[in-house]
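See structure below.
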Protein chains: 2
Amino acid sequence: MPAAIHESRPNRRGVEVRERVLRTAWEAFSREGFRACSLARIAADAGLSQAGLLHHFPTKEDLLLAVLRWRDELELDQVGRTLPTHTGLSVLSRLLRLVEINVELTDVVRSFTVLSAESVSEGHPARDWFRARYTRVRAAVADALQSGVDSGEIRAGTDCHAVATEVCAVMDGLQLQWLLDPGAVDMVALFRDYARRLDAALRNPAREAPDTPDGQDTRDTGDTPGGTAPSAAP
Amino acid sequence: MPAAIHESRPNRRGVEVRERVLRTAWEAFSREGFRACSLARIAADAGLSQAGLLHHFPTKEDLLLAVLRWRDELELDQVGRTLPTHTGLSVLSRLLRLVEINVELTDVVRSFTVLSAESVSEGHPARDWFRARYTRVRAAVADALQSGVDSGEIRAGTDCHAVATEVCAVMDGLQLQWLLDPGAVDMVALFRDYARRLDAALRNPAREAPDTPDGQDTRDTGDTPGGTAPSAAP
DNA sequence: GTCTATACGCTGATAGAC
DNA sequence: GTCTATCAGCGTATAGAC
């Protein structure tokens, strides 16, 4: 098959352009939300024309969904791998670490805050994605906590799924207030206080008490050293 | 001054129209966000033309700010009066009551979630309003808690402002997850669990322990019986 | 694959009659 | 005060040359 020589499906150049567009679109959606920002602007920032962009992603909605799918892959590569390795209450330390990373990544946090809230509208194209995302994140945190119950570190009878939902809520809620007023809201300190109190409440009193999530924790948290943009809303 | 007979500044008819437009705009902004919804649609739903609407509110931004100011008045009439009457840990019962009311007011909650998140964008017209709102709400809750510290009900040394910020975060974060997936998130039960645990952590152990925020609380919470749309995000 | 040119709807806002 | 008529501008999306 000599024709296969110029096979163009996984074209190297094409993949590069596609990825550059995805990254640019993600940043644009972050700053202004999906509905408010224009394809022309994204195309210009990515260094091609609007028509050129629409060659790769036929509609704006297709672009959004592609961006979310792309974020999914990045996230699963990072959080999806590091989070489940922490079991029991150490998951709180891991999440505190995530907050410490997020406080340096304002744009990423704003992305999730703006897009997730926008997506609660009826019929929003990202709604299913965010619902699935929260379902998955809650389950991951709940699983980590449940293994703590199983090992006896956490009190028996703890509703792990409820606690997981609450922890996600605290992270998201703090992000909103922090974005609105960074000077008035010390997101890291606030989450640390919350995590400490939660740790104390969940810990099984019938056992010795070792590591609390106090930020002085120096164990390996499974992060890549540079911290390449992990998940924002937990 | 016979000319004063047809004084038209606080025209009764004009006030009615104005209020109808505000209510309609509030509902529209709720469903779709500020940027996504059009003046033409709001005008039609309020029963007048777009030009007629712009006679009362010269620009779309003016309309948004008027809506927010109008909500402010409603809110101050209700929460602003009832919240400060609860001091110490009873403020948690009051906030639980608020969550119970909000779970019946999906549209109001969606309003606050969509608009507040949209407002974190740089230069958004509602940004200052939401920042000021959170500053005020945090202070109100913190004041209530502080009087609990003063009376000895709450542990000495409690950082009331930090706790107030956290409580607001939990309410907002739960609202987001609940709006995305009402069947999977029991907002009232989750906030009740959180409030109970917080109550236990803050309560001064040197004193007897009376009322916990358990929803069986039948004391008067200061609400009007019908519950006419109080604040959503705390 | 990428471009220029363009179609065409909808946006917020204005002018002026009634 | 409210309307109809109209504006310029920007939005997404398409057609067709290269």
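Naming: A, B, ... by sequence-line order, numbering from 1 per chain.
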From C-beta outward on [X], which listed nucleotide comes closest to its side chain: [options]?
X     : options               : value
B:S49 : C:dA5, C:dA13, D:dT4  : D:dT4
B:A51 : D:dT14, D:dT2, C:dT14 : C:dT14
A:H55 : C:dG12, D:dT12, C:dT2 : C:dT2
B:T59 : D:dT12, D:dG1, C:dA13 : C:dA13
B:Q50 : C:dT2, C:dA13, D:dT12 : C:dA13

*Rounding to 10 degrees, work out the angle separating the end axes of the helix from C:dG1-D:dC18 to C:dC18-D:dG1 (five pairs an end).*
0°
Measure from [atom1] on [X] to [atom2] on [N] and round the result to the nearest Å.
X     : N      : atom1 : atom2 : value
A:R20 : C:dG1  : CZ    : P     : 14 Å
B:E32 : C:dC10 : CD    : P     : 14 Å
B:E16 : D:dT2  : CD    : C1'   : 16 Å
B:F57 : C:dT14 : CZ    : C1'   : 19 Å
A:L53 : D:dA13 : CG    : C1'   : 12 Å
A:K60 : D:dT14 : NZ    : P     : 15 Å
B:E61 : C:dT11 : CD    : C1'   : 15 Å
B:R41 : C:dG9  : CZ    : P     : 19 Å

*Does the side chain of A:S38 get closer than 4.0 angstrom to OP1 or OP2 of D:dC10 through an N or O atom?*
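No, outside the criterion.
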*B:H56 side chain near D:dT2 phosphate (N/O to OP1/OP2, under 4.0 Å)*: yes
*Does B:I42 reach the side chain of B:C37, with side-chain heavy atoms less than 4.5 Å apart?*
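They are in side-chain contact.
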*Salt bridge check: are A:D107 and A:R110 linked by an N-O gap of less than 4.0 Å?*
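Looking at A:D107 and A:R110, the cut-off is met.
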*Is a salt bridge present between A:R35 and B:E32, judged by a nitrogen-to-oxygen distance below 4.0 Å?*
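Between B:E32 and A:R35 there is no salt bridge, as every charged N stays at least 4.0 Å from the carboxylate O atoms.
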*asked:* Just to verify, which of B:W129, B:F29, B:W26 counts as forming a ring pair (Phe, Tyr, Trp, His ring centres under 6.0 Å) with B:F34?
replied: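 Exactly one candidate clears the test, B:F29.
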*Look at all strands and tell whether B:L54 reaches a base, only sugar-phosphate, or nothing, counting heavy atoms closer than 4.0 Å.*
base
_Within the 4.0 Å heavy-atom criterion, would you say B:L48 contacts the bases, only the backbone, or no part of the nucleic acid?_
sugar-phosphate
*Taking everything shown except B:E16 itself, do over 12 heavy atoms lie less than 6.0 Å from its CD?*
yes
*Mark yes when over 12 heavy atoms from residues, nucleotides or ligands other than B:R20 sit less than 6.0 Å from its CZ; otherwise mark no.*
yes
*For the residue pair A:F112 and A:F130, does the interplanar ring angle fall in the parallel (under 30°), tilted (30 to 60°) or perpendicular (over 60°) class?*
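A:F112 and A:F130: perpendicular rings.
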